[in-house]
Amino acid sequence: MDKRPIGVFDSGLGGLTAVRELRRILPGEDIVYFGDTGRVPYGTRGSAIIRQYARQDIAFLLGQGVKLILAACGTVSSTYPPEDAAGLPVPYLGVVEPTARAAAAASRSGRVGVIGTAATVRSGSYERALHGLWPEAQTIARACPLFVPLVENGRIAPDDPVSALVAEEYLEPVRGAGVDTLILGCTHYPLLAGVIGRAMGPEVALIDSGREAALAVQRRLAADGLLNGGGGGARYYVTDSTDQFAAMAALCLDEGAHGPVEHVPIEQIAALPG
Ligand code: DGL
């Protein structure tokens with residue numbers, strides 16, 4: 001039993017897909033969420049900047065006394081060096097490995113699509129993880145850079161015409177490759193699952209990276225004897241407007257933010273040494 005909170009971070013709102021699931025499967029845990037809404041998106045940036053941002057985000061969460069850190073961001077998970085993660089004082093999990101594992105379990109044909117940010121697709125992280133589990137798997141990966149701003153602007157209704165048009169264009173080659181499973185490799189994308197599902201068709205299984213990461217947290221806390229049954233609160237920290245975040249969180253989390261939302265002046269947070 002460990003009463004310290006779980007630390008979750010993302011460049012913006014996407015990590016709320018992991019929080020949504022964590023609150024469902026681990027209702028007794030306290031959560032500290034950090035969304036770097038002032039610097040979103042990360043996925044269009046170069047690796048050195050993404051690593052630098054991640055070192056600041058992690059430093060902030062460590063300062064909150066968390067017992068585990070979840071990088072609920074496909075971009076950070078694909079870019080933050082494993083050797084840095086291994087040196088952290090608390091367990092660190094990313095979204096790539098658990099999501100690839102779920103995709104390998106879901107696919108029958110071995111034809112798996114991956115969609116993510118430009119940085120994630122450039123890294124080849126999901127394909128590597130999937131091929132480690134299933135060497136014969138055939139993958140097709142596609143960057144969908146407009147999905148993140150669409151989510152951050154609340155265009156998440158399954159029949160949103162702008163999102164539907166963008167999804168149709170991005171996903172046409174993925175559908176054409178005959179995949180039976182699609183990895184939503186950016187944690188923002190599950191918020192567009194309705195739109196993406198319509199574009200892909202009902203026979204394609206969508207793998208939610210936020211959900212799979214939350215399940216990985218549950219397994220890790222249980223294995224390390226760190227579960228807490230007596231909490232259930234959440235605190236949210238963002239680097240841009242708190243009002244805007246609270247309004248969006250109400251759309252992304254079934255019960256809304258359900259906890260205070262505070263502003264963090266990110267320039268005052270010293271990054272961990274790299
Ligand atoms: N939610 C993020 C991810 O999973 C980041 C999107 C972005 O900042 O570009 O990749």
Side-chain angles (χ1 to χ4, degrees), residues 7-22 33-58 61 69-80 92-100 102-103 113-127 129 141-156 163 166-167 170 182-193 195-196 206-214 216-217 236-240 244-245 248-249 251-253 266:
V8 180
F9 76 99
D10 179 46
S11 57
L13 293 163
L16 294 178
T17 57
V19 172
R20 181 169 68 184
E21 192 63 16
L22 281 171
Y33 183 82
F34 176 80
D36 196 0
T37 49
R39 302 192 295 197
V40 68
Y42 284 11
T44 50
R45 301 177 195 272
S47 310
I49 294 281
I50 298 167
R51 280 198 293 270
Q52 177 67 12
Y53 286 178
R55 288 184 181 115
Q56 260 181 313
D57 304 346
I58 292 169
L61 286 177
I69 291 177
L70 171 62
C73 174
T75 305
V76 169
S77 304
S78 301
T79 310
Y80 186 61
Y92 164 93
L93 299 181
V95 302
V96 172
E97 198 275 336
T99 306
V114 179
I115 54 172
T117 65
T120 295
V121 169
R122 190 173 62 228
S123 78
S125 58
Y126 284 102
E127 293 97 309
R142 188 94 163 90
C144 303
L146 290 175
F147 279 176
V148 169
L150 285 170
V151 168
E152 295 280 330
N153 285 283
R155 309 297 298 251
I156 58 178
S163 298
V166 172
Y170 282 149
L182 179 64
I183 290 178
L184 309 184
C186 167
T187 51
H188 280 72
Y189 297 179
L191 294 164
L192 286 173
V195 173
I196 294 169
L206 305 182
I207 309 296
D208 175 337
S209 51
R211 172 167 195 273
E212 297 307 329
V217 168
Y236 301 84
Y237 294 91
V238 293
T239 56
D240 196 356
Q244 202 186 335
F245 180 84
M248 283 306 300
L251 287 180
C252 304
L253 296 171
I266 192 67

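Numbering of ligands and ligand atoms starts at 1, following listing order. Just the heavy atoms: all of them, side chains too, but no hydrogens, waters or symmetry mates, feed the values below.
V148 places a side-chain heavy atom less than 4.5 Å from the side chain of Y189. Looking at R45 and T75, their side chains never come closer than 4.5 Å, going by heavy atoms from C-beta outward. Here the side chains of S209 and I183 are not in contact, with every heavy-atom distance at 4.5 Å or above.
Heavy atoms of other residues, nucleotides or ligands lying less than 6.0 angstrom from CD of Q244 number 12 at most.
Inspection of the Y42 and D57 side chains reveals an N or O donor paired with an N or O acceptor under 3.5 Å.
Around ligand 1 you find D10, S11, V40, P41, Y42, G43, C73, G74, T75, T117, V148, C186, T187, H188, each with a heavy-atom distance below 4.0 Å.
To the nearest 0.5 Å, atoms CG (L191) and CG (L16) are separated by 7.5 Å.
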